[in-house]
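Start at 1 and go down the list; that is how both ligands and their atoms are numbered.
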Amino acid sequence: MVPMVTPFEWLAQQLPSIAARMGDLPVTSSVQPQQVRSFLAEHFDLEQSTPLLEALPAVSSMLERWTTHVTHPRYFGNFNPSVTDGGVIGEALAAAWNPQLAVWCHAPAAVEIERFTLDFLMGKLGLDAESCLAHFTGGGSEANHTAVICALTQCFPQWAEQGAAGCEGAPRLYVSAGAHDSFFKIAHAVGIGRAAVRIVPVDGDLQMDVTALRKMVIEDARAGCTPFMVVATAGSTAAGTIDPLKRLVAFGRVQGMWVHVDAAYGGFGVLTERLRPHLDGIAFADSITFDAHKGMSVPMGAGMFFCRHPKPVEAAFAAANSYMPAPTAGGSEPYLNTLQWSRRFIGLKVFLSLVEHGARGYDTLLEGQCAVADVLIQGLIDGGWQILSQSPLPMVCFSHQDVRASLEAHENLAAAVRKRGQAWISAVTLADGQPALRACVTSFRTTPADVATLLSEIQACRIGRFGHIS
Ligand SMILES: *Cc1c(COP(=O)(O)O)cnc(C)c1O
């Protein structure tokens, strides 16, 4: 019998129930590739058309059963958030209207909503929206890629036409040992080579060691290379570490190097009173990466790139052709100052999330996540765990004297927790080489009760597997 709803009505009933039921679902899935493939082959014949209403329940059930649920309140994982209602609705509306944001004249409403949203966030970052450029990206990797392209364009006048071969002295960029690995892919992609990424050791607080950086820059310059860029991480992936932003900005100024702050994760700090002081100095960076799809709880992918120098951005992404509409006076042509050409309306979900919660609402949500992380840290200390990270952001890395000091032992413990299906945590190697367990409060729906469950799961797995090792 054909149900008496349309596919859109079905969707409108389904969407709210996903968040409502999430806490009762297992966080993880143990499905094997073959099981998913057989299910698809059995249920879907793409030669035929199938009414959406017949297919949707099966697709929905696949997603429910065979997903690591990053929107689960006990997913203490890799910066993948629960999602706001405004974010989900924004995603759907952007798809339905499908505006083309390459040029202003095709999408005046959408381009200006993005601009309005980015101007607001520039205010929070301490940037002057009049003199800076900003745009949405697919994610932090694309924003970091954009930053490296702009820095090369600014620092090496020949690079635009001749690539690395035209650069005087091999280009070198500096990241801390805790930085995101996207910079290796980017160095590869822009043709300066992975060896151009120089890894600066960290100090006892896991922050980039500025003295070591200075030494490396001097040595590299002596060896005939050209240091052109320093990347300060604000919220490292493993430990949530924030590099000394002010000192790195000052260092970059003196050396004539481009300073980029990779705040893909930590950027949300500017939206909350408690964390804002930890990002002091971010406004003086040459460029910034900030992912709305992490700390702002917006569905993937929504990265952002901010730059204080419009010229290299415009030079890097200039294009001349006959088939695109002529620029609109007073408008802005996104395809001429971004890496993407056709552009989807990424900013709508960010805009609607801000509409829904307002800056004050975000302050409350984020403060709540930090407070839940405080409960977690206290619980770990009470349970005899050592805290190995000092991040002000809502995440913690920890270890126990009973767990062998190897990454493998920590990975085994994290895997044992995940296998029980009640919570998701991971194991990492910190920037100083120590192995640790890592738990990040990524969901604004996580409560102290969820933390209590996590703690008892961790304790059960430690005693179960490692109780006899000392
Ligand atoms: C997540 C992250 C990235 C990569 O961003 P994507 O949005 O996954 O492309 C880069 N740097 C840092 C510090 C991150 O946390």
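On a distance-only criterion, S141 and ligand 1 share at least one N/O pair closer than 3.5 Å. Residue E142 has no nitrogen or oxygen atom sitting less than 3.5 Å from a nitrogen or oxygen atom of ligand 1, judged on distance alone. Looking at H293 next to ligand 1, an N or O pair under 3.5 Å apart turns up.
Taking the six-membered ring where tryptophan is involved, the planes of H400 and W385 are perpendicular, since the angle between them exceeds 60° and thus also 30°.
Looking at T446, its side chain does come within 3.5 Å of a backbone N or O of P73 through a donor-acceptor pair. Within the 3.5 Å criterion, the main-chain N or O of A212 finds a donor-acceptor partner in the side chain of D209.
Between the side chains of H135 and N337, not a single donor N or O lies within less than 3.5 Å of an accepting N or O. If you check the side chains of S176 and Q207, you find no donor sitting under 3.5 Å from an acceptor. Side-chain contact annotation: T453 with R74, donor-acceptor N/O pair under 3.5 Å absent. A side-chain N or O of T289 and one of H260 form a donor-acceptor pair less than 3.5 Å apart.
Annotation: cation-pi geometry not satisfied between R198 and F228 (NZ/CZ under 6.0 angstrom from ring centroid, within 45° of ring axis).
Counting protein heavy atoms only, atom 15 (O) of ligand 1 is closest to K294 NZ, 2.8 Å. Scanning all protein heavy atoms for the shortest distance to atom 6 (P) of ligand 1 gives G140 N, 3.3 Å. In terms of protein heavy atoms, atom 13 (C) of ligand 1 is closest to D262 OD2, 3.4 Å. Of the protein's non-hydrogen atoms, H180 CG, 3.2 Å is the one closest to atom 10 (C) of ligand 1.
Of all atoms in ligand 1, numbered sequentially from 1 with element shown, those under 4.0 Å from a heavy atom of A264 are 2 (C), 3 (C), 10 (C), 11 (N), 12 (C), 14 (C), 15 (O). Residue G235 approaches ligand 1 through these ligand atoms, each under 4.0 Å from one of its heavy atoms: 13 (C). Of all atoms in ligand 1, numbered sequentially from 1 with element shown, those under 4.0 Å from a heavy atom of N144 are 10 (C), 11 (N). Close approach to D291 involves these atoms of ligand 1, each under 4.0 Å from a residue heavy atom: 5 (O), 6 (P), 7 (O). The atoms of ligand 1 that sit less than 4.0 Å from any heavy atom of Y265 are 15 (O). Short contacts between ligand 1 and F79, defined as distances under 4.0 Å to a heavy atom of the residue, involve ligand atoms 15 (O).
When each of D280, L279, V259 is checked for a side-chain contact (heavy atoms from CB on, under 4.5 Å) with L245, only L279 meets the rule.
With a 4.0 Å cut-off on non-hydrogen atoms, T289 does not touch ligand 1 at all.
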